[in-house]
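Everything on this sheet refers to the single structure shown next.
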Protein chains: 2
Amino acid sequence: MLLSTNSRKHKVTVIGSGNWGTAISKIVAENTLANNDLFQETVEMWVFEEKVEMSKDSKHYDPADPLCQGPQNLTDLINKYHENVKYLTGIPLPKNLHANPSLEDAVKDSSILIFNLPHQFIIRTCDQLQGKILPYARGISCIKGVDVQEDSLSLFSETIGKKLGIYCGSLSGANIANEVAKELWCETTIGYDPPHLDSKAPTPVGGSPSQSHVDLPSFEHKDSSGHFSKVKLRPLPNDYPPIDHGLWKTLFHRPYFHVRVVNDVAGVAVGGALKNVIAVGAGFVEGLGWGDNAKAAVMRVGIGEMVKFGTQFFGNSVETKTFTEESAGVADLITSCSGGRNFRCAKLSVQRGLPIEEIEKQELNGQKLQGTLTAAEVNKFLKKKGAEKDYPLFTAVHRILEGSLKVEQIPSFIEAKL
Amino acid sequence: MLLSTNSRKHKVTVIGSGNWGTAISKIVAENTLANNDLFQETVEMWVFEEKVEMSKDSKHYDPADPLCQGPQNLTDLINKYHENVKYLTGIPLPKNLHANPSLEDAVKDSSILIFNLPHQFIIRTCDQLQGKILPYARGISCIKGVDVQEDSLSLFSETIGKKLGIYCGSLSGANIANEVAKELWCETTIGYDPPHLDSKAPTPVGGSPSQSHVDLPSFEHKDSSGHFSKVKLRPLPNDYPPIDHGLWKTLFHRPYFHVRVVNDVAGVAVGGALKNVIAVGAGFVEGLGWGDNAKAAVMRVGIGEMVKFGTQFFGNSVETKTFTEESAGVADLITSCSGGRNFRCAKLSVQRGLPIEEIEKQELNGQKLQGTLTAAEVNKFLKKKGAEKDYPLFTAVHRILEGSLKVEQIPSFIEAKL
């Protein structure tokens, strides 16, 4: 526990309220209540307002209640029943979690912003937030994946940070939202590494043993294509508790949600993107009936390519052990290759002899596979960098998807490139 | 490929002929045939002779054939039909693999000895081999696990090496024998690191980029309890092809069996032992229905404890990446936690509310679980070293097995010890 002698408390806002956003809001609100010396108890959750009918599956459903008659504002239902009846039915939410339909109002005076919304809404949401947030706020992005363009890669946390002029870390792990919401035990990894201050920085509690990270006025960021951009970082007023590894652990760690905090923000995010490509590969060999040895081989080769990709394109800040020893790396990969949708659809595509797009249509009810998309984006990027041959598994998965390689050729393809 | 200008060729003998011994013999015989510039084509496989009836499942079964009438010598059946009709039915074996019921005859003049037999037979077999083998032979142990005594740990490869006065490396990986025999793709790891010679050692082909390991007259071995023992190592005559990482790769690598050679012999063996304890833990949480997140968390924590155990008790020779990046580490763990018997029995024990010994009886047809045994041995050893608290997962698994901890307590137990 941090013993706070600070006169101000952090106000926390979660931006996003899907099943993962709501599960994270629940955790954070449980912790602000338990640590009200550091945080204001009320957590704001921004909800994209929609009209919904009260779910008959909810135990709060009562045909006599006017709120259960006809379409209602989702925020009204959440605030009345303390349940997200649309996206996380059946899970009781803390009473100190407040659903807010106004983005501007939700973030007002918040020193801590948690981003948890589909990645296609990031830019638009940040545009709306400009000038509305505290200039010294700090963020955590719970958005999985990496924004891959033909010749550049960027982390969603960086996109957010640059758009808003704040520092933003990332959170990722083997975290299936519904299991987390049910308080089934799991682990997660938070990456947070703002520019270093001097040696007088206080020692962090819990988390990584490295030095604490408090706030510097500005930092330069170099992206994967070598472009520098200067982000002016505003210092946190010193009447707030410092935002360091220990504070993040206090805000997110629960008995059922174990948190490890590391410095490697990029590694945390990159693992969450590339695991989906590997899961497609694992599903392919599983579809052939090649057994557990072969699936484990795909995963092992995949971990190696994740490490290589991270260090080659994100430089020295990326650490091998984020991929091999943290929840955001190896554990998230294991979960994705156990029963995740990318794994499952790839397996079915081999078993049924159908293109994966066909399986996607049959099985996913309009949703899209992340793994096939990432495989194509990563391949385009690797081609541009002349690095395709250094990533035989990623390349094999992409070629199988585009029809120029057979699943049976994976072993010889990997061997040839070794 | 090694280009050999040597006048002598290696003779290879496999000691053991269970399903894993036979699968390895098949691989090795395929490679001696393909590389008969380095190896004598015929591979000897020592078979513990027994009388068996020809399997009616074999495609060679012919009621008119005298060998198919009544009990026959297993070696006669193997050599006639090129099939191990008792332990690997249905898999054609290379014709250059010779089943030999005489241990002494099988190892005569062999410069390469592959040990692949149940670990309880190692000492007895080595006793019989003393004085019968070439004094400069080199070995590879395919025996999974580590010999754990109350206050010492030894690798089976070391036990073999010391008993016979030869150097012995180890082979382990995500290698379910029947899948390997069917030539379903997998990977394996060979650890080989005899005492270093001088800088004139030839560069190895393939395998690890480190320096080659040829032969020194003797080396000192320090075991985990700090005892030194001197093994007199006899140099390999220089008219043989050198036995180095490249040679091992040539002998074991197949299109369906991908080999990586590393220096870390202990890491390769330790992973193969400890994964079974972790698989029991993963089975426990799976039995509770806690889902994929929780299972992945157990595995991640387990990898961390494997690394710690290896480096704490086997010293500098152990490398983290053997556990986190090699088939003998993370991939073997993944396979064991997918459907291995330790995982499966632990899961059933929670689901049925029965002690695991009961499930063992119901499910394993007289065979014993390795994981429960190793958990107890490791715990006794850790207690003796005063290190129990540094290994919360291993300790939790043991305590659950002995009835002093509940499966539901795993997360808080792990957290308390962090």
Side-chain angles (χ1 to χ4, degrees), chain A residues 173-180 182-189 206 253-258 260 282 285 288-301 303-304 307 320-321 323-340 408 410-412 414-415 418, chain B residues 173-180 182-189 206 253-258 260 282 285 288-301 303-304 307 320-321 323-340 408 410-412 414-415 418:
Chain A
N175 304 142
I176 298 167
N178 291 327
E179 295 183 7
V180 175
K182 287 181 199 155
E183 305 191 359
L184 300 173
W185 173 50
C186 69
E187 298 185 311
T188 201
T189 316
H253 192 88
R254 297 293 299 157
Y256 60 86
F257 191 68
H258 288 194
R260 287 164 60 92
V285 304
L288 285 181
W290 278 9
D292 289 333
N293 291 348
K295 181 175 150 184
V298 166
M299 292 167 72
R300 193 204 66 81
V301 172
I303 292 171
V307 169
T320 297
K321 65 182 182 186
F323 300 101
T324 60
E325 300 180 27
E326 296 299 338
S327 182
V330 61
D332 198 15
L333 176 66
I334 289 169
T335 303
S336 302
C337 293
S338 293
E408 291 82 352
I410 290 179
S412 58
I414 286 175
E415 186 174 39
L418 276 178
Chain B
N175 304 143
I176 298 166
N178 291 327
E179 295 184 8
V180 175
K182 288 181 197 154
E183 304 191 0
L184 300 174
W185 173 51
C186 70
E187 299 185 311
T188 203
T189 316
H253 192 87
R254 298 293 299 157
Y256 60 86
F257 192 69
H258 288 193
R260 288 164 59 92
V285 303
L288 285 181
W290 277 9
D292 289 333
N293 291 348
K295 181 174 152 184
V298 167
M299 292 167 71
R300 193 203 67 78
V301 172
I303 292 171
V307 168
T320 297
K321 65 183 181 185
F323 301 101
T324 59
E325 299 181 28
E326 296 299 338
S327 182
V330 61
D332 198 14
L333 176 67
I334 290 169
T335 303
S336 302
C337 294
S338 292
E408 291 82 352
I410 290 179
S412 59
I414 287 175
E415 186 174 39
L418 276 177

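Given the structure is predicted, the values throughout are model-derived calculations rather than measurements. Chain naming here is simple, since letters A, B, ... match the order of the sequence lines and numbering starts at 1 in each.
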### Message
For B/S336, which atoms come within 4.5 Å of any heavy atom of chain A: side chain, backbone, both, or neither?
### Response
neither
### A/R254 side, atom CZ; B/E415 side, atom CD - distance, nearest 0.5 Å
10.0 Å
### Query
Does the side chain of B/F257 come within less than 4.5 Å of A/N293's, by heavy atoms?
no
### Query
Which pair of non-hydrogen atoms, one from B/D292 and one from A/G339, has the smallest distance, and what is that distance?
OD2-N, 4.1 Å
#### Entry: Heavy-atom closest pair, residues B/A331 and A/A296
O-CB, 3.4 Å
### Task
Can you tell which part of B/I303 gets under 4.5 Å to a heavy atom of chain A, answering side chain, backbone, both or neither?
side chain
#### Entry: Non-hydrogen side-chain atoms of A/H258 and B/V301 separated by less than 4.5 Å
no
### Query
Which value, rounded to the nearest 0.5 Å, describes the distance between A/K295 atom NZ and B/L184 atom CG?
14.5 Å
### Message
Which atoms of B/V307 are under 4.5 Å from chain A, going by heavy atoms: the side chain, the backbone, both sets, or neither?
### Response
neither
## Note on the structure
The reported gap from CZ in B/R300 to CG in A/L333 (rounded to nearest 0.5 angstrom) is 14.0 Å
### Winner by heavy-atom pair count (cut-off under 4.5 Å) against chain A, out of B/E179, B/K321, B/K182
B/E179
### Task
Can you see which heavy atom on A/P411 is nearest to which on B/P255, and at what distance?
CB-O, 4.1 Å
### Query
Taking the side chain as C-beta and beyond, is there a heavy-atom pair between A/I414 and B/W185 under 4.5 Å?
yes
